[in-house]
Undergrad: 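I have a structure here, written as structure tokens, and I will follow up with some questions on it.
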Amino acid sequence: MSDRRDIPHESPGDASARTAQTPQTTHATYATQATHPAPTPPPISVLLDGAAEAALPVLRAVRDDQLGRPTPCSEYDVRALLNHLFQVVVAFRTLAAKRDVDFSRTPDRLAEYGAQWPDRFADETARLVEAWAAPGAEDGLTGGMQLPARTVGAMVLLDLTVHAWDVARATGRPYAPAAGCVAELRALAARMGPTARTMNVFAEPVPAPPGASDLEVLLAETGRDPHWTAG
């Protein structure tokens, strides 16, 4: 939100003094900008690596008797959400290579892998990080909508971060996002939110609670209640 202030009236003398100072002030401003360039955002692969490291302890702690619990992502229980995450991680590895993917079905990876599913998920996320670290992965366009590749990489980062929170809330586990992820994802939500809501990827935003953390604001922007509980 912009910080608006009234512009004070000037006398001609004031204006002359200000004009005389303009070249020096402008030069100083440019010099300051030149020595303090905007920070370069970290590669998506680095953010994905951190997000996976934050998510895996939550997922490994899921018990079999918790798989039927509801989650903040209302169309999924815990089991369905974990299978969805498997699908996303595998599919977005393919998108990093600029190849098409099929989202028409969600395999039941938990049934396929049995008790080994957490280890297999860890393997798949490691491959995801490797795919997005490949030279050129963030360049150009990819996906059915031909979006910028970095935007597509941020989309899987969003799933890995927000769905880890979903699972944590559903199973009563603590969760803290990896450093740098929320800033990237809030920028993504601001850019893609209207389209995501049209496509029913996001629900309508909800008010963030007073004193909300950056993660809670992000959750509210995706239509989640940051204080959701399983009841």
Undergrad: Might you point out which heavy atoms bring Arg93 and Ala131 nearest each other, and give the distance in Å?
TA: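 So the minimum-distance heavy-atom pair works out to CG-CB, 3.4 Å.
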Undergrad: What distance separates Ser213 OG from Leu219 CG, expressed to the nearest 0.5 Å?
TA: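 Between atom OG of Ser213 and atom CG of Leu219 there are 7.5 Å.
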Undergrad: Looking at every heavy atom in both Ala52 and Leu160, which two are closest together, and how far apart are they?
TA: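 Looking at all heavy atoms of both residues, the shortest contact is N-CD2, 3.7 Å.
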Undergrad: What's the shortest heavy-atom distance between Tyr175 and Ala164, and which atoms?
TA: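 For Tyr175 and Ala164, the tightest heavy-atom pair comes out as CE1-CB, 3.7 Å.
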Undergrad: How long is the span from the CG atom in Asp159 to the SG atom in Cys73, to the nearest 0.5 Å?
TA: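 Between atom CG of Asp159 and atom SG of Cys73 there are 8.5 Å.
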Undergrad: Do any pairs count as a ring pair (Phe, Tyr, Trp, His ring centres under 6.0 Å) and have a residue in residues 69-93, sequence neighbours left out, and if so which ones?
TA: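 Output for this query lists Tyr76-His84, His84-His163, Phe86-Tyr113, Phe86-Phe121.
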Undergrad: Would you say the side chain of Leu147 lies within less than 4.5 Å of the side chain of Thr142, judging by non-hydrogen atoms?
TA: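 In short, these two side chains do not touch, never coming nearer than 4.5 Å.
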Undergrad: Taking the side chain as every heavy atom from C-beta outward, state whether Leu82 and Val78 have any pair of such atoms under 4.5 Å apart.
TA: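 The answer is yes, as the side chains (C-beta and beyond) meet within the 4.5 Å cut-off.
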Undergrad: From Leu85 CG over to Asp166 CG, what is the distance, rounded to the nearest 0.5 angstrom?
TA: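 So the gap between those two atoms works out to 8.5 Å.
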Undergrad: Quick one: are Val129 and Val46 in side-chain contact, heavy atoms under 4.5 Å?
TA: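 A side-chain contact under 4.5 Å is absent here.
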Undergrad: Looking at every heavy atom in both Pro209 and Glu216, which two are closest together, and how far apart are they?
TA: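 Heavy-atom minimum between the residues: CG-OE1, 4.4 Å.
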Undergrad: Is there a continuous path of hydrophobic side-chain contacts, each under 4.5 Å between heavy atoms, that joins Trp117 to Val90?
TA: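 In one cluster: no.
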Undergrad: Looking at Asp139, is its backbone amide N or carbonyl O close enough to the side chain of Lys98 to form a donor-acceptor pair, meaning the two atoms are under 3.5 Å apart?
TA: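 Checking the backbone N and O of Asp139 against the side chain of Lys98, a donor-acceptor pair under 3.5 Å is found.
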Undergrad: Can you hop from Val89 to Leu56 via hydrophobic side chains spaced under 4.5 Å?
TA: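 Linked, Val89 and Leu56 end up in one cluster.
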Undergrad: Do Pro107 and Asn83 come within less than 4.5 Å of each other through their side chains, counting heavy atoms only?
TA: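 No. Closest side-chain heavy atoms not under 4.5 Å.
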Undergrad: To the nearest 0.5 Å, how far apart are CZ in Arg173 and CG in Leu59?
TA: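 Output value for this atom pair is 11.0 Å.
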Undergrad: Would you please say whether a donor-acceptor pair under 3.5 Å links the side chains of Thr222 and Arg224?
TA: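 Indeed, the side chains of Thr222 and Arg224 share at least one donor-acceptor pair under 3.5 Å.
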Undergrad: Which residues pass the salt bridge (Lys or Arg N to Asp or Glu O under 4.0 Å) test with Asp64, sequence neighbours left out?
TA: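 Salt bridge (Lys or Arg N to Asp or Glu O under 4.0 Å) list for Asp64, sorted by chain: empty.
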Undergrad: Taking all heavy atoms of Ala179 and all of Leu47, pick out the closest pair and write down the distance.
TA: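 Closest pair (atom of Ala179, atom of Leu47, distance): O-CD2, 4.0 Å.
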Undergrad: Could you walk me through whether Val62 and Val167 pass the side-chain contact (heavy atoms from CB on, under 4.5 Å) test, one step at a time?
TA: CA-CA 8 Å; Val62 175; Val167 174; 3.6 Å; yes
Undergrad: Do Pro148 and Leu141 come within less than 4.5 Å of each other through their side chains, counting heavy atoms only?
TA: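 Yes - at least one pair of side-chain heavy atoms lies under 4.5 Å apart.
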Undergrad: Kindly give the heavy-atom pair with the smallest separation between Leu218 and Ala189, and that separation in Å.
TA: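 Answer, listing the atom of Leu218 first, then Ala189: CD1-CB, 4.3 Å.
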Undergrad: Check salt bridge (Lys or Arg N to Asp or Glu O under 4.0 Å) between Arg60 and all other residues, then give those that pass, not counting sequence neighbours.
TA: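 Checked Arg60 against salt bridge (Lys or Arg N to Asp or Glu O under 4.0 Å); matches are Asp119.
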Undergrad: If you round to the nearest 0.5 Å, how far is CG of Leu110 from CZ of Arg120?
TA: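 One finds 12.0 Å between CZ of Arg120 and CG of Leu110.
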Undergrad: Using a strict cut-off of less than 4.0 Å between a Lys/Arg side-chain nitrogen and an Asp/Glu carboxylate oxygen, indicate whether Glu130 and Arg127 qualify as a salt bridge.
TA: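 A salt bridge is absent here (no side-chain N lies under 4.0 Å from a carboxylate O).
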Undergrad: Has Glu53 got more than 12 heavy atoms of other residues, nucleotides or ligands less than 6.0 Å from its CD?
TA: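 Incorrect, the count does not exceed 12.
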Undergrad: Give the intermediate values and the outcome of salt bridge (charged side-chain N to carboxylate O under 4.0 Å, His left out) for residues Glu184 and Arg150.
TA: CA-CA 11 Å; Glu184 179 83 22; Arg150 185 176 176 95; 3.0 Å; yes
Undergrad: Using the rule that two of Ile, Leu, Val, Met, Phe, Trp, Tyr join whenever any of their side-chain heavy atoms come within less than 4.5 Å, decide whether Val217 and Leu158 are in one cluster.
TA: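 No.
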Undergrad: Check whether any side-chain heavy atom of Thr161 sits under 4.5 Å from a side-chain heavy atom of Trp165, and report yes or no.
TA: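 The answer is no, as the side chains (C-beta and beyond) never meet within the 4.5 Å cut-off.
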Undergrad: Salt bridge or not for Asp77 and Arg79, using N-O below 4.0 Å?
TA: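 The answer is no: the pair does not qualify as a salt bridge.
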Undergrad: Rounded to the nearest 0.5 Å, how far does OG1 of Thr106 lie from CD of Gln87?
TA: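 So the gap between those two atoms works out to 3.5 Å.
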